[in-house]
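Step one of this worksheet: look at the structure below.
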Amino acid sequence: LCNDQEERFMKTYKKNNTDSIGSLSLSDSILSGATITSQPAGYTFPHHLHSTIEIYRIISGECLMDVQSETLHCTKGDFIMILPNIVHSFYLNKKSDCTFKHVHFDPNMFSNIILENEGVYPITLMHAVLFSSHFYYRFSADDVIDSTLDKLISLYTDSDGLFPAAANINISLINLMLYILDHTKPTHHFSNPQLQNSYVAYTLNYIAEHYTEKIIQEDIASQLHISVRYLSKLFKAHIGITLSSYINVYRINHSISLMQNTKLSLTEIALQSGFTNSQHYSKVFRDCVNTTPSQYRKSI
């Protein structure tokens with residue numbers, strides 16, 4: 001695009017897509033769990049994935065986590081935050097128990113907090129969290145992180161306050177995400193970050209809106225007026241996996257949600273998650289989670 005065309009294109013997309021972002025409500029807690037947990041030596045939680053963000057802060061002992069294709073050996077003082085739609089497992093060796101602070105929360109509210117609006121699609125707090133690290137965050141916990149996690153655990157277990165705890169919980173989580181971003185070096189440096197970030201943000205939104213349909217990457221690239229090759233390169237650099245792999249994982253994660261919350265058959269789940277048939281669904285599921293849909297459903 002020439003400069004004038006690009007400017008008009010960006011202004012149009014920015015207005016349309018800003019309007020599509022919902023309002024922010026602090027009345028409903030996004031926290032689904034916040035505890036101090038102990039597990040014995042030999043404990044295993046197999047490969048799984050979910051749409052929530054999961055936090056571990058190791059208090060004592062040690063544990064192992066498989067995150068994507070990487071194995072993390074975590075010890076006392078480690079803070080680990082696993083991003084949504086990431087296949088991971090948690091297990092202990094036979095020599096050490098492990099005690100940890102464990103927090104689960106739905107990050108969808110972060111998609112309503114706009115941090116930047118200079119490209120073709122607004123960059124939200126959720127995008128910033130996804131773009132700043134691939135698959136997980138890991139560093140040594142400090143006083144700010146520990147005090148925030150302690151506050152979340154206390155708010156989650158105590159409902160005797162003058163006002164509902166939801167707003168306090170959600171503000172604490174927002175502050176925690178901003179603190180983490182401030183202390184994280186980006187995984188990749190881009191020549192035109194505002195525009196390139198917005199291309200990937202638009203693509204993520206497109207997948208979320210169209211995952212039940214056939215998604216053609218050329219259509220997304222065409223709407224952005226860029227090549228498929230360029231879009232694929234940007235997406236891999238931002239998210240850490242290919243665009244086609246992300247689409248599959250997103251659909252698998254949706255299917256797991258349907259397993260947990262409905263009594264639909266696996267064939268119905270496959271179709272409602274964007275797969276053309278149950279055979280293809282089973283193959284992608286096994287490739288992604290290393291087990292069959294039926295076996296996974298029995299385990300949850």
| note | For Asp106, the salt bridge (charged side-chain N to carboxylate O under 4.0 Å, His left out) test, sequence neighbours excluded, returns none
| field | Partners passing side chain to side chain donor-acceptor pair (under 3.5 Å) against Tyr136 (at least two apart in sequence or in another chain) | value | Glu70
How many angstroms lie between atom [atom1] of [X] and atom [atom2] of [Y], to the nearest 0.5 angstrom?
X	Y	atom1	atom2	value
Leu83	Phe135	CG	CZ	9.5 Å
Ile55	Met81	CD1	CE	6.0 Å
Ile114	Met126	CD1	CE	15.0 Å
Cys63	Asp97	SG	CG	12.0 Å
Phe79	Cys74	CZ	SG	11.5 Å
Gln217	Tyr206	CD	OH	11.0 Å

Has the side chain of [X] got a donor or acceptor atom that lies under 3.5 Å from a matching backbone atom of [Y]?
X	Y	answer
Gln295	Thr292	yes
Ser198	Val120	yes
Asn170	Leu173	no
Ser132	Ala128	yes
Gln223	Ile220	no
Ser51	Pro84	no
Asp66	Thr71	no
Ser273	Ala270	no
Tyr156	Ser32	yes

Indicate, with yes or no, if [Y] and [X] share a hydrophobic cluster defined by side-chain heavy-atom contacts under 4.5 Å among Ile, Leu, Val, Met, Phe, Trp and Tyr.
X	Y	value
Leu258	Tyr250	no
Ile207	Val249	no
Tyr179	Phe105	yes
Leu92	Ile82	yes
Leu130	Val87	no

| query | Can you name the residues that form a side-chain contact (heavy atoms from CB on, under 4.5 Å) with Val284, not counting sequence neighbours? | reply | Asn248, Ile252, Phe275, His280
| For Ile153, the rest of its hydrophobic cluster, which grows through side-chain links under 4.5 angstrom | Ile36, Ile59
Work out which heavy atom in [X] is nearest to a heavy atom in [Y]; give both atom names and the distance.
X	Y	result
Ala34	Thr157	O-CG2, 4.3 Å
Glu62	His73	OE1-NE2, 2.6 Å
Ser96	Gly61	OG-CA, 3.5 Å
Thr75	Ile58	O-CB, 3.3 Å

Should the ring pair [X] and [Y] be called parallel, tilted or perpendicular, given that the plane angle runs from 0 to 90° and is split at 30 and 60?
X	Y	result
His48	Phe45	perpendicular
Tyr121	Tyr202	perpendicular
Phe100	Tyr56	tilted

Less than 4.5 Å apart, side chain to side chain, heavy atoms only: is that true for [X] and [Y]?
X	Y	answer
Thr124	Leu115	no
Lys101	Leu152	no
Asn117	Ile123	no
Ile239	His134	no
Tyr199	Leu204	no
Tyr211	Ile247	no
Ile300	Met259	yes
Leu49	Ile86	no

Indicate whether the side chain of [X] and that of [Y] have a donor and an acceptor atom separated by less than 3.5 Å.
X	Y	result
His254	Ser257	no
Gln279	Ser282	no
His104	Thr52	yes
Thr99	Ser38	yes

| Do Leu176 and Leu149 pass the side chain to side chain contact (heavy atoms under 4.5 Å, CB included) test, and can you show the C-alpha distance, the side-chain angles, and the key distance before you say yes or no? | CA-CA 9 Å; Leu176 178 62; Leu149 295 181; 4.3 Å; yes
| request: Report the residues that fulfil ring pair (Phe, Tyr, Trp, His ring centres under 6.0 Å) with Tyr137, sequence neighbours left out, ordered by chain and then residue number. | output: none
| said: The test is side chain to side chain contact (heavy atoms under 4.5 Å, CB included); show your working for Phe110 and Ile30 and say whether it passes. | reply: CA-CA 10 Å; Phe110 298 165; Ile30 63 176; 4.1 Å; yes
For a quick test of your reading: what N or O donor-acceptor pairs under 3.5 Å do the side chains of residues 228-236 make, sequence neighbours left out?
residue	atom	partner	partner atom	Å
Tyr230	OH	Gln196	NE2	2.9
Ser232	OG	Val228	O	2.9

| message | More than 12 heavy atoms of other residues, nucleotides or ligands under 6.0 Å from CG of Asn290: yes or no? | response | no
| task | Count the heavy atoms belonging to other residues, nucleotides or ligands that lie under 6.0 Å from CG of Asp143, then report whether that count exceeds 12. | result | no
| side chain to side chain contact (heavy atoms under 4.5 Å, CB included) between Ile180 and Phe139: does it pass, once the steps are laid out? | CA-CA 10 Å; Ile180 290 170; Phe139 41 80; 4.0 Å; yes
| said: So, applying side-chain hydrogen bond (donor to acceptor under 3.5 Å, both in side chains) with His88, which one of Gln68, Glu54, His47 is it? | reply: Glu54
| field | Steps toward side chain to side chain donor-acceptor pair (under 3.5 Å) verdict (His127, Asn197) | value | CA-CA 8 Å; His127 293 133; Asn197 287 347; over 6 Å; no
| query | Below 4.0 angstrom, N of the basic side chain to O of the carboxylate: do Asp78 and Arg57 qualify? | reply | no
| Should Thr276 and Leu271 be marked as a side chain to side chain contact (heavy atoms under 4.5 Å, CB included) after you check the CA-CA gap, both sets of side-chain angles, and the distance that decides it? | CA-CA 6 Å; Thr276 54; Leu271 295 176; 6.0 Å; no
